[in-house]
Amino acid sequence: MNPNYNQNDDDENDDYKQESPRVVPCLMGASLRGIGVEALLDASVALLPNPKEKSPPFLIPPPNEQPVNGKASSESMKRKALQVESEDPLCALAFKVMNDSHRGALVYLRIYSGTLKKGQVLQCGGGQGSSSSQGSDGVKGNKERMTHLLKPFGDDLIPVGDEGAKPGDTVVAVGLKKTVTGDSVVAFKGPLHGWTLPRIPIPHPVFALSVSPVNSLKAKALEEALQIMSRDDPSLLVGPDPENTDEILMQGMGELHLDVACSRLKSEFGLDVKTGRMRIAYRETINNLPVTINKFKYDRLIGEAEKQKRLFVGYSVELTPIQSQKQKQNEEDGEDDGKYSMNSSTVSISTQARLDLGNLEKSEIVKKAFEDALLIGPRHGFPLIGFHLTVLSVETDHDTNPLSLIQGAEALLQHFSKKLKTSSSSSNNVELLHPIMALEVSTPEENMGNVLTDLTVGRNATIKSIDVIGSGINVRHIIKSDTPLSKLLGFSTDLRSLTSGEGLFSMEYSHHSVIDHLPEEDANLSSLA
């Protein structure tokens, strides 16, 4: 392409505009020397489609308008195409959150439709990492008011005028306290109230690392810094360490992900931290289901003799297995590969139990209590997956209160766990699961043998396929395998050594699979939620 190209030339010559991918524009330059930057920007404007030339994004209806059994009963229940016009209702996406030492959280927004102005009251929510509250109308979202609206221009942030931001603009909102990356932003109580853009898919975290400040006086600053980082990166989960309450547990996608998070704590927040050993997301599951536990009663006295207080509740519950789509397909094919998805076990409250409890608030307390109790398995304390718990009925009296509902749920599952442990077939009742990663390795031909040996002998990988791409001196082998995550710690360093730095790999979570016991190096681990 002509390095002196500009948009005016394009207006006179339509050969630059290609509607089918027959020509790949190539511009050359050096941003450090300021060469070719203008040509690149002009080409972006002229060649890339503007929002009106692309298929419009669609919106997902609020939960209280979702179709039942997959069938929409009216037009309002269907997904809605978003019109990209400034006169239409406001809709924007929060695609990045950064922290500024003076202004606080800076939320970067892309405007899809409507006009956004300073001081506007917004509804923000729907993101994967969002901690949205739920209003009386059943719509999840946070009511937010921004204090300033800015437009990024290089390293500067320039105030947006009274005309506001229009579709296609990228702006920075200041003052949004709960908005996270991936949240949809619409006008509060406006025409699109409750509607959201499709969520950004966030994979399940499979690695965890405990962190604590070198200086104990910086503990509060560390918590605040991690909360800011998790707002920007929903795949970085932060919570208390179940093994050590003085430490914080970071969960992420991989070793590099967590290493970068620790580096950011130092470079962006000036915090020196100590880290523990990398942990793996083990899980447990219960066999021989379904099981029904009838009329379990929790009746306790708490407090000193003169001020004793009675706690009482009775539960009847049923545990039934749940299958992933992969398991259902394998069952239809006559296979049983012992693969489990990482999704947590689920809890529901039956109609009878809701009637027994009397109101929605108590039902939510019971549901949350059982969900929390399922995070601690009977064998090693890892979260339980692979089944659904239904609360069939609840017995209450005048001494039943929220505390008794919570402690009763914990006591029931502890009682059930104890029975599983003391059973003659306890090892068969509760199985330990470890995460398996879908690993893809690209290696030069001369290193293929060493890499293959490392995977199969050293890392217990199950090879799925080996493909060859390229020709001559550019031949590379693509090895695809299912590999235990516990065997992949340090793999990036080993692969560089085996291939003289020419090897590449990518991995993503595939499933959980049964193992007999924890590896020796993880034998002292407790739960990773």
Margin query: Which residue is it: V186, T115, L122, L192? I am looking for the one with a side chain to side chain contact (heavy atoms under 4.5 Å, CB included) to L90.
Written below: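 With L90 as partner, side chain to side chain contact (heavy atoms under 4.5 Å, CB included) holds for just one option, L122.
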
Notebook entry, point to check: Between F505 and F491, what is the ring plane arrangement, given parallel below 30°, perpendicular above 60°, and tilted in between?
Noted result: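 Plane angle over 60°, so perpendicular.
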
Can you list everything that forms a salt bridge (charged side-chain N to carboxylate O under 4.0 Å, His left out) with [X]? Sequence neighbours excluded, please.
| X | value |
| --- | --- |
| K266 | D272 |
| D494 | R459 |
| D482 | K464 |
| K177 | none |

Side-chain contact, heavy-atom cut-off 4.5 Å: [X] with [Y]?
| X | Y | value |
| --- | --- | --- |
| E255 | L489 | yes |
| T147 | R103 | no |
| R496 | T493 | yes |
| L59 | C91 | yes |
| L106 | V174 | yes |
| M146 | V185 | no |
| M253 | P205 | yes |
| S404 | N401 | yes |

[X] atom [atom1], over 12 foreign heavy atoms within 6.0 Å:
| X | atom1 | result |
| --- | --- | --- |
| E508 | CD | no |
| K480 | NZ | no |
| H257 | NE2 | yes |

Item checked: Inter-residue atom distance S506.OG - M437.CE, 0.5 Å rounding ->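 S506 atom OG to M437 atom CE measures 10.0 Å (nearest 0.5 Å).
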
Notebook entry, point to check: Looking at CG of L249 and CG of L209, how far apart are the two atoms once the value is rounded to the nearest 0.5 Å?
Noted result: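 One gets 8.0 Å once the value is rounded to the nearest 0.5 Å.
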
Please enumerate all residues that pass side chain to side chain donor-acceptor pair (under 3.5 Å) together with [X], with sequence neighbours excluded.
| X | answer |
| --- | --- |
| N215 | none |
| S350 | none |
| D100 | none |
| T179 | E144 |

Which atoms form the tightest heavy-atom contact between [X] and [Y], and what is the distance?
| X | Y | value |
| --- | --- | --- |
| L222 | L271 | CA-CD1, 3.7 Å |
| S345 | L374 | CB-CD1, 4.0 Å |
| R231 | A105 | NH1-CB, 3.5 Å |
| P435 | I280 | CG-CG2, 3.4 Å |
| P213 | K274 | O-CE, 3.8 Å |
| K166 | I111 | O-CB, 3.4 Å |

Notebook entry, point to check: Step by step, would you call D169 with K151 a side-chain contact (heavy atoms from CB on, under 4.5 Å)?
Noted result: CA-CA 8 Å; D169 286 349; K151 191 172 184 65; 3.8 Å; yes

Margin query: Restricting to ring-ring contact (aromatic ring centres under 6.0 Å, His included), what partner residues turn up for F269, sequence neighbours left out?
Written below: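 So F269 forms no ring-ring contact (aromatic ring centres under 6.0 Å, His included) with any residue.
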
Item checked: For F58, all residues meeting ring-ring contact (aromatic ring centres under 6.0 Å, His included), sequence neighbours excluded ->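 Once residues adjacent in sequence are excluded, F58 has no partner under the ring-ring contact (aromatic ring centres under 6.0 Å, His included) criterion.
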
Notebook entry, point to check: Should the pair R110 and Y112 be classed as cation-pi, given the thresholds of under 6.0 Å to the six-membered ring centre and 45° from the axis?
Noted result: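 Yes, R110 lies over the aromatic ring of Y112.
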
Margin query: L413 vs L384, test: side-chain contact (heavy atoms from CB on, under 4.5 Å). Steps then yes/no.
Written below: CA-CA 11 Å; L413 288 174; L384 287 160; 5.9 Å; no

Side chains of residues 361-372: which donor-acceptor partners sit under 3.5 Å, not counting sequence neighbours?
unit_1, atom_1, unit_2, atom_2, d
S363, OG, N359, O, 3.3
K367, NZ, E371, OE2, 2.7
K368, NZ, D372, OD1, 3.0
K368, NZ, D372, OD2, 2.8

Checklist line | Which residues share a side-chain contact (heavy atoms from CB on, under 4.5 Å) with V394, sequence neighbours left out | finding: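 With neighbours one apart ignored, the set is V313, Y315, A353, D356, L357, V391, T396.
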
Note to self: What verdict does the side-chain contact (heavy atoms from CB on, under 4.5 Å) test give for D232 and K96, after you've listed the backbone C-alpha separation in whole Å, the side-chain angles of each residue and the deciding distance to 0.1 Å?
What the structure shows: CA-CA 6 Å; D232 178 35; K96 185 176 182 61; 3.7 Å; yes

